[in-house]
Amino acid sequence: MKIATFNANSIRSRIEPIRRWLNAHQPDVLAVQETKVQDEDFPVDAFAETGYQVVFHGQKKYNGVALFSRIEPKNIRKHLPGDSSGQARFLQADYGPVTVVNTYAPQGFEVGTDKFEYKLKWFDLLRRYLKTEIQKKPNLIWLGDFNAAREDIDVYDPQGLWGSVCFCKEVQDALESVLSLGLVDLFRLHHPNQPGCYTFWDYRIPNSFKRNLGWRLDYITAAEPLARRCIRCEIDTEARAWDKPSDHTFLWAEFEQC
DNA sequence: ATGGTGGACAATCCA
């Protein structure tokens, strides 16, 4: 079984790269974040020929998540319990024995703002939710854009960037609290201590991708029993060479006996 | 060069 994640930064602007990537890699599930489209405007027809079904939870202009899959999703959930913000950041579905939780974590704007407090609150709500959910669904995968870099090796300039909303102690603690439920960061599992591996490069920094001035903000995590069956996890930057790339790239993981 | 880029969407908000 192969599972992937991609922050599209607008699904309607990334139809071609997503179709191309699905065709080339044939994942069982692709989780997408920042679709930036309300459900009635989701470009369903554009993916009709891919052989993938898609479910989505969107809103106008911002946020939005989707799940592409070969097999039918069951037990679809679109809301994180306790999050009354109305923001479309959560989408869960079962695929056979595997449960996939796709999230787009709040970015947080600036430390000390209401948006930053919401980010911390959101991680805590997710922790509380997954604590019980992981008991019910032992083959749980949590993936997506977490808007958090775990360690110094996950950003291009740890000294200079320390204290920013995606790289500060409070957010790292919030993320680690969720992972401490028994979720394993699969990229780091397979690439321990390897620096310079990123999934996001800021558009606003000139040639950030070429210079590899990036951040590792996107993750695939799996509950421990499932993580033991993960045989590979890779960042795929090929789509960065295609027209109008997203500021994020594809990340995928492969499991045996699923 | 007295911001830079990109996306949604219609004057700014968000990343």
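Order of the sequence lines fixes the chain letters, A, B, ..., with proteins taken first and strands second; residue numbering starts at 1 for each chain. All values derive from a computational prediction rather than experimental measurement.
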ask   = What is the nucleic acid contact for A:F200, judged by heavy atoms within less than 4.0 Å: base, sugar-phosphate only, or nothing?
value =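 A:F200: no heavy atom of the nucleic acid under 4.0 Å.
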request  = Between A:N7 and A:Q38, name the one whose nearest nucleotide on DNA chain B is closer to the 5' end.
outcome  =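 On the 5' side of the pair lies A:Q38.
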query = Taking the nucleotide of DNA chain B with the closest heavy atom to each, which residue, A:K244 or A:E34, is nearer the 5' end?
reply =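 The residue whose closest nucleotide sits nearer the 5' end is A:K244.
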Starting at atom [atom1] of [X], determine the distance to atom [atom2] of [N], rounded to an integer number of angstrom.
| X | N | atom1 | atom2 | answer |
| --- | --- | --- | --- | --- |
| A:D114 | B:dC14 | CG | C1' | 16 Å |
| A:K36 | B:dA15 | NZ | P | 8 Å |
| A:K61 | B:dT12 | NZ | C1' | 6 Å |
| A:D243 | B:dG6 | CG | C1' | 15 Å |
| A:I11 | B:dA8 | CD1 | P | 11 Å |
| A:E110 | B:dC14 | CD | C1' | 13 Å |
| A:Q87 | B:dC13 | CD | P | 16 Å |
| A:Q59 | B:dA15 | CD | P | 10 Å |

Ionic contact status for A:E133 with A:R77, cut-off 4.0 Å =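 Looking at A:R77 and A:E133, the cut-off is met.
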All N/O pairs under 3.5 Å across the protein-nucleotides 1-5 of chain B interface:
residue, atom, partner, partner atom, Å
B:dT5, O4', A:Y203, O, 3.1

task = Among Ile, Leu, Val, Met, Phe, Trp and Tyr joined by side-chain contacts under 4.5 Å, find the other residues sharing a cluster with A:F123 and list them by chain and number.
result =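 So far as hydrophobic clustering goes, A:F123 is joined with A:L80, A:F90, A:V101, A:Y118, A:W122, A:L125, A:L126, A:Y129, A:L130, A:I134, A:L140, A:W142, A:F146, A:L175, A:V178, A:L179, A:L181, A:L183, A:Y219.
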request  = Kindly assign one of parallel, tilted or perpendicular to the pair A:W215 and A:F167, based on the angle between their ring planes and the thresholds 30° and 60°.
outcome  =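 If you compare the ring of A:W215 with that of A:F167, the planes turn out perpendicular.
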Taking atom [atom1] in both [N] and [M], what distance in whole Å separates the two?
| N | M | atom1 | value |
| --- | --- | --- | --- |
| B:dT5 | B:dA1 | P | 16 Å |
| B:dG4 | B:dA15 | C1' | 14 Å |
| B:dA10 | B:dC14 | P | 15 Å |

request  = Can you run down the ring-ring contact (aromatic ring centres under 6.0 Å, His included) pairs that involve residues 58-78 of chain A, sequence neighbours left out, and say none if there aren't any?
outcome  =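 Found A:F47-A:F68.
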query = Just to confirm, is there a sub-4.0 Å distance from OP1 or OP2 of B:dA8 to any side-chain nitrogen or oxygen of A:S13?
reply =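 Affirmative; the distance criterion is met.
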task = Return the set of residues passing side-chain contact (heavy atoms from CB on, under 4.5 Å) with A:N63 (not counting sequence neighbours), or none when no residue passes.
result =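 side-chain contact (heavy atoms from CB on, under 4.5 Å) list for A:N63, sorted by chain: A:Q59, A:Q87, A:R89, A:Y104.
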Residues that A:T237 engages under side-chain contact (heavy atoms from CB on, under 4.5 Å), provided they are two or more places apart =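 A:T237 satisfies side-chain contact (heavy atoms from CB on, under 4.5 Å) with A:W201, A:F209, A:I235, A:R240, A:T249 once adjacent residues are dropped.
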Show me the side-chain donor-acceptor pairs of residues 15-24 of chain A shorter than 3.5 Å, one per line, residues at least two apart or across chains.
residue, atom, partner, partner atom, Å
A:E16, OE2, A:R19, NE, 3.3
A:E16, OE2, A:R19, NH2, 2.1
A:R19, NH1, A:A46, O, 2.7
A:W21, NE1, A:H25, NE2, 3.3
A:W21, NE1, A:D236, OD2, 2.7

